[in-house]
S.K.: 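The structure under discussion is supplied below as structure tokens; questions concerning it will follow.
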Amino acid sequence: MFKFKKTLTAAFAVLAISVVGSSAAATYPDKPIRIVVGFAPGGFTDVAARLVAEGLQKELGQPVIVENRPGATGTIGADAVARAAPDGYTLLLAHQNSNAVAPAMYPKLSYDVVKDFTPIARVASTALLLVVGPAIKAQTVEELVQVAKQQPGGLRHGSSGVGSSQHFGAAMFSQAVGVPMLHVPYKGSAQAVTDLLSGQIDINFDSPPPTLSFIQAGKLRALAITSDERSPLLPDVPTMAEVGVPGFEFTQWFGLVGPAGLPDNIVQTLNKALNAALTTPEVREKLISLGATPLGGTSEQFATVIKNDTKRFAELVKQLNISVE
């Protein structure tokens with residue numbers, strides 16, 4: 001009898017938890033939502049998160065707060081979200097650094113990019129610009145290569161962290177043109193751009209948002225872009241193929257994910273709200289004005305991108321001999 005009552009009590013407890021969980025999911029969202037960013041303020045991941053937060057807030061009718069947790073190329077923020085409750089109130093503005101590249105960079109990574117997250121949808125993608133600071137007089141990529149060959153130890157290039165898109169872009173370029181470069185990692189793009197402006201580093205491969213205003217003001221020079229076509233925002237900047245570096249196409253994506261086990265109806269609610277936000281003029285035009293391509297799509301499509309890119313970057317890490325320094 002005692003064992004029967006104990007089993008029955010446990011069953012009722014499980015049922016109660018299930019009912020409460022279903023009820024909470026049914027009324028989602030009924031309190032503020034937090035979007036974690038794994039980089040310092042000022043970079044495109046942070047900018048994209050704030051645009052998404054504003055859009056979701058309008059669509060869902062609840063406050064959406066952005067929280068920066070910079071460090072380790074976005075993996076500190078990603079780890080925090082992987083450990084969070086799957087209730088839809090803690091999300092991550094994921095970057096391919098933390099959610100596709102990291103497994104190849106960190107053998108003891110505390111999370112699994114496929115098993116520990118629930119993809120919601122991609123937000124945007126950007127190409128990278130090869131940008132030089134005022135201390136570098138080269139006006140073309142060809143001239144830059146000549147400068148690099150004459151500089152002992154190579155040019156100093158910045159990035160938002162070891163294994164970041166900026167790091168990959170510079171490593172691919174270094175290998176393609178046959179010149180050494182010294183990697184100087186930062187906790188975010190904004191810090192790297194600041195040092196590029198002051199001459200602490202020589203060049204950077206970065207997305208348009210952190211660099212565009214400085215390029216337009218003449219404080220930085222963009223020598224090439226890593227997309228297969230020129231950017232309408234910088235029509236005079238040639239592609240890598242046009243400057244004699246064929247096969248050099250590189251873009252980075254940004255997307256929204258939650259912890260593993262996020263209920264399907266919450267995923268669908270967030271996916272619908274995010275896609276709606278990305279079609280509004282306020283969000284779409286802002287992304288385009290920053291040199292980004294708005295994306296959106298389904299959770300399943302995003303999951304496929306993460307899975308495929310995890311394999312692709314594992315191969316690139318070996319090919320470029322990139323490792324945590």
Side-chain angles (χ1 to χ4, degrees), residues 33-53 64-85 89-117 119 123-124 126 128 156-171 182-198 200-201 204-207 209-211 252-260 306 309-310 313-314 316-317 320 322-325:
I33 297 170
R34 179 174 55 127
I35 298 179
V36 175
V37 174
F39 298 92
F44 184 68
T45 313
D46 178 68
V47 172
R50 294 181 191 282
L51 284 173
V52 167
V64 182
I65 304 159
V66 173
E67 178 184 327
N68 296 87
R69 290 198 179 187
T73 322
T75 59
I76 291 175
D79 177 71
V81 175
R83 296 170 182 271
Y89 293 103
T90 301
L91 308 173
L92 174 72
L93 204 296
H95 184 292
Q96 69 184 26
N97 292 349
S98 58
N99 288 69
V101 178
M105 295 298 304
Y106 301 96
K108 296 182 179 180
L109 190 66
S110 59
Y111 56 84
D112 186 299
V113 296
V114 174
K115 296 179 181 178
D116 291 338
F117 296 96
V123 172
T126 68
L128 299 179
R156 299 163 297 176
H157 75 88
S159 80
S160 59
V162 178
S164 63
S165 296
Q166 295 94 329
H167 189 183
F168 273 97
L182 176 64
H183 179 214
V184 183
Y186 295 84
K187 289 186 176 181
S189 291
Q191 295 170 325
V193 171
T194 297
D195 275 7
L196 183 63
L197 287 163
S198 67
Q200 298 300 308
I201 56 176
N204 198 10
F205 276 82
D206 210 335
S207 56
T211 57
Q252 55 183 343
W253 52 254
F254 307 80
L256 195 64
V257 303
I306 293 172
D309 270 8
T310 301
F313 280 105
L316 267 178
V317 165
L320 299 172
I322 292 177
S323 61
V324 177
E325 299 160 352

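Owing to the predicted nature of the structure, the values given are computational and were not obtained by experimental measurement. Excluded from the calculations below are hydrogen atoms, water molecules and symmetry mates; all remaining heavy atoms, backbone and side chain alike, are included.
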S.K.: How are the rings of Phe313 and Phe168 set relative to one another: parallel (under 30°), tilted (30 to 60°) or perpendicular (over 60°)?
M.R.: perpendicular
S.K.: Please name the pair of heavy atoms, one in Ala102 and one in Ser98, separated by the smallest distance, quoted to 0.1 Å.
M.R.: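 That would be CB-O, 3.7 Å.
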S.K.: Return the set of residues passing salt bridge (Lys or Arg N to Asp or Glu O under 4.0 Å) with Asp116 (not counting sequence neighbours), or none when no residue passes.
M.R.: none
S.K.: Can you confirm whether His183 sits close enough to Ser159 that some side-chain heavy atom of one is under 4.5 Å from a side-chain heavy atom of the other?
M.R.: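 Contact flag for His183/Ser159 side chains = yes.
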S.K.: Can you spot which of Leu51, Val123, Val36, Val257 makes a side chain to side chain contact (heavy atoms under 4.5 Å, CB included) with Leu93?
M.R.: Val123
S.K.: To the nearest 0.5 Å, tell me how far Gln252 CD sits from Ser207 OG.
M.R.: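 Reported to 0.5 Å precision, the distance equals 5.0 Å.
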S.K.: Classify the side-chain pair Asn97/Ser165 by whether it contains a donor and acceptor separated by less than 3.5 Å.
M.R.: yes
S.K.: Please report, to 0.1 Å, the donor-acceptor pairs under 3.5 Å made by any side chain of residues 38-49, with sequence neighbours excluded.
M.R.:
{"residue": "Asp46", "atom": "OD1", "partner": "Arg50", "partner atom": "NE", "Å": "3.1"}
{"residue": "Asp46", "atom": "OD1", "partner": "Arg50", "partner atom": "NH2", "Å": "3.1"}
{"residue": "Asp46", "atom": "OD1", "partner": "Asn68", "partner atom": "ND2", "Å": "3.0"}
{"residue": "Asp46", "atom": "OD2", "partner": "Gly42", "partner atom": "N", "Å": "3.3"}
{"residue": "Asp46", "atom": "OD2", "partner": "Arg50", "partner atom": "NE", "Å": "3.1"}

S.K.: To check you understand the geometry: which heavy-atom pair defines the closest contact between Val317 and Ala104, and what is its length?
M.R.: CG2-CB, 3.6 Å
S.K.: Enter the distance from Ile201:CD1 to Asp195:CG here, rounded to the nearest 0.5 Å.
M.R.: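 Interatomic distance, Ile201 CD1 to Asp195 CG, rounded to 0.5 Å: 6.0 Å.
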S.K.: Less than 4.5 Å apart, side chain to side chain, heavy atoms only: is that true for Phe254 and Val52?
M.R.: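 Of all side-chain heavy-atom pairs linking Val52 with Phe254, none is under 4.5 Å.
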S.K.: Do Val193 and Tyr186 have side-chain heavy atoms sitting under 4.5 Å apart?
M.R.: no
S.K.: Are side-chain heavy atoms of His157 and Val184 found at a separation under 4.5 Å?
M.R.: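 Answer no - side chains too far apart.
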S.K.: Shortest non-hydrogen contact from Asp309 to Gln96?
M.R.: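 Of all heavy-atom pairs spanning Asp309 and Gln96, the closest is OD2-OE1, 3.9 Å.
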S.K.: Taking atom types as modelled, find out whether Ser189 and Asp206 have a side-chain donor-acceptor pair closer than 3.5 angstrom.
M.R.: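 Looking only at side-chain atoms, Asp206 and Ser189 do form a donor-acceptor pair, the distance falling under 3.5 Å.
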S.K.: Could you measure the distance from the CZ atom of Arg69 to the OG1 atom of Thr75? Nearest 0.5 Å is fine.
M.R.: 12.5 Å
S.K.: Could you list the residues that satisfy salt bridge (Lys or Arg N to Asp or Glu O under 4.0 Å) with Asp79, not counting sequence neighbours?
M.R.: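 Per chain and number, Asp79 pairs via salt bridge (Lys or Arg N to Asp or Glu O under 4.0 Å) with Arg83.
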S.K.: So if I apply the side chain to side chain contact (heavy atoms under 4.5 Å, CB included) rule between Leu92 and each of Asn99, Val37, Ile35, which one comes out positive?
M.R.: Asn99
S.K.: Please name the pair of heavy atoms, one in Leu109 and one in Pro103, separated by the smallest distance, quoted to 0.1 Å.
M.R.: CD2-N, 3.9 Å
S.K.: Search all heavy atoms of Thr310 against all heavy atoms of Ile306 and return the closest pair with its distance.
M.R.: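 Scanning both residues, the minimum pair turns out to be OG1-O, 2.7 Å.
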S.K.: What is the minimum heavy-atom distance between Ala82 and Tyr111, and which atoms define it?
M.R.: CB-CB, 4.0 Å
